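Note that the structure is a prediction, hence the values are computed from the model and not measured. We use all heavy atoms of the structure for the numbers below, so side chains are in, but hydrogens, waters and symmetry mates are not.
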Amino acid sequence: MDNSAHDAEREPAPRRKPRRLPWRGRAVRGLAVLVVLAAGLVLAGRFSLLPGFGGLFREDTVDRSGPVLLKSIQDMHRYEGAAGNFQVVVDLEKDAAFLPDSIRGTRTLYVGAGTVSGYVDLGGLGEQAVTVNEERTKVSLRLPHAVLGTAALDLDRSYAVSKQRGLLDRLGDLFTDNPAGEQAVQRLAVQHISDAARDSGLVERTEKNTTTMLEGLLRSLGFQEVTVGYV
């Protein structure tokens, strides 16, 4: 037998190099993977509605908050005689000087709901503020005028209707801790609510309700004539 033929039979066949897909093929394969992942997410949402499948895609929430620390306690020496509920629609727009709104600029339409309380401060009253006759049938009170507290925005009833941001503003949101923050419109809503409370007659209502409360309290203590004045 020919040795050369025998050696040829023993030589292994040359390994074929793996065929590399062209870039279009790789792109199609990557797109297919994305489609499969998206379909999986959709099916996960649907299966969660079926009996027995909700546990497969359940999300667990863990609260690792620390203990609440009491910082201080303040004694309240005021009587809140009235409170007003307000709502305002804030339309805040910020534009750049030399750039179109599509590039740089924001506009936010925000509905702000909040409350303002009116109160009478009773903590600083001295002896001269209360006058009682000898028979203890008449009493006269001199109180400071009612004032308005700080407007408190109710975040559960406040919401943004629409937000429009330019390209640069949207890119900037990617590098901030609070993208598309609403602090500016919230502060403006608080300011408008505070202004509206001053013109709403809330101070007068607070003094009227405070007078009614004190008259009922002092008459229950035996006083027949109660006079309340504000200075």
Enumerate donor-acceptor pairs with a distance under 3.5 Å from any side-chain N or O in residues 142-156 to protein atoms, sequence neighbours excluded.
unit_1 : atom_1 : unit_2 : atom_2 : d
His145 : ND1    : Glu207 : OE2    : 2.8
His145 : NE2    : Tyr230 : O      : 3.4
Asp154 : OD1    : Asp156 : N      : 3.1
Asp154 : OD2    : Arg157 : NE     : 2.9

Less than 3.5 Å apart, which donor and acceptor atoms pair up between the side chains of residues 111-131 and the rest of the protein, not counting sequence neighbours?
unit_1 : atom_1 : unit_2 : atom_2 : d
Asp121 : OD1    : Gly123 : N      : 3.0

Audit row: Thr227, Leu141, side-chain contact (heavy atoms from CB on, under 4.5 Å) steps and yes/no: CA-CA 6 Å; Thr227 303; Leu141 301 177; over 6 Å; no
If two hydrophobic side chains count as joined below 4.5 Å and joins carry through other members, does Val89 share a cluster with Tyr110?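 No; Tyr110 is not reachable from Val89 via cluster members.
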Only pairs under 3.5 Å count here: list side-chain donor-acceptor contacts from residues 213-226, not counting sequence neighbours, and write none if there are none.
unit_1 : atom_1 : unit_2 : atom_2 : d
Ser220 : OG     : Gly216 : O      : 3.4
Ser220 : OG     : Leu217 : O      : 2.4

Can you give the donor-acceptor pairs under 3.5 Å from side chains of residues 193-206 to other protein atoms, not counting sequence neighbours?
unit_1 : atom_1 : unit_2 : atom_2 : d
Ser194 : OG     : Val190 : O      : 2.9
Asp195 : OD1    : Arg198 : NH2    : 2.2
Ser200 : OG     : Ala197 : O      : 2.7
Ser200 : OG     : Leu202 : N      : 3.4
Thr206 : OG1    : Leu202 : O      : 2.8

Closest non-hydrogen atom pair, His192 against Val88: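 Closest heavy-atom pair between His192 and Val88: CB-CG2, 4.0 Å.
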Run the side-chain contact (heavy atoms from CB on, under 4.5 Å) test against Glu134 and tell me which residues pass, sequence neighbours left out.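 For Glu134 there are no side-chain contact (heavy atoms from CB on, under 4.5 Å) partners, ignoring immediate neighbours.
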Suppose clustering is done on Ile, Leu, Val, Met, Phe, Trp and Tyr with side-chain heavy atoms closer than 4.5 Å. Which residues sit in the same group as Leu70?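 Its cluster mates, by chain and number, are Ile73.
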Within the side chain of Thr212, is there an N or O that forms a donor-acceptor pair under 3.5 Å with the backbone of Lys208?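 Here the side-chain-to-backbone pair exists.
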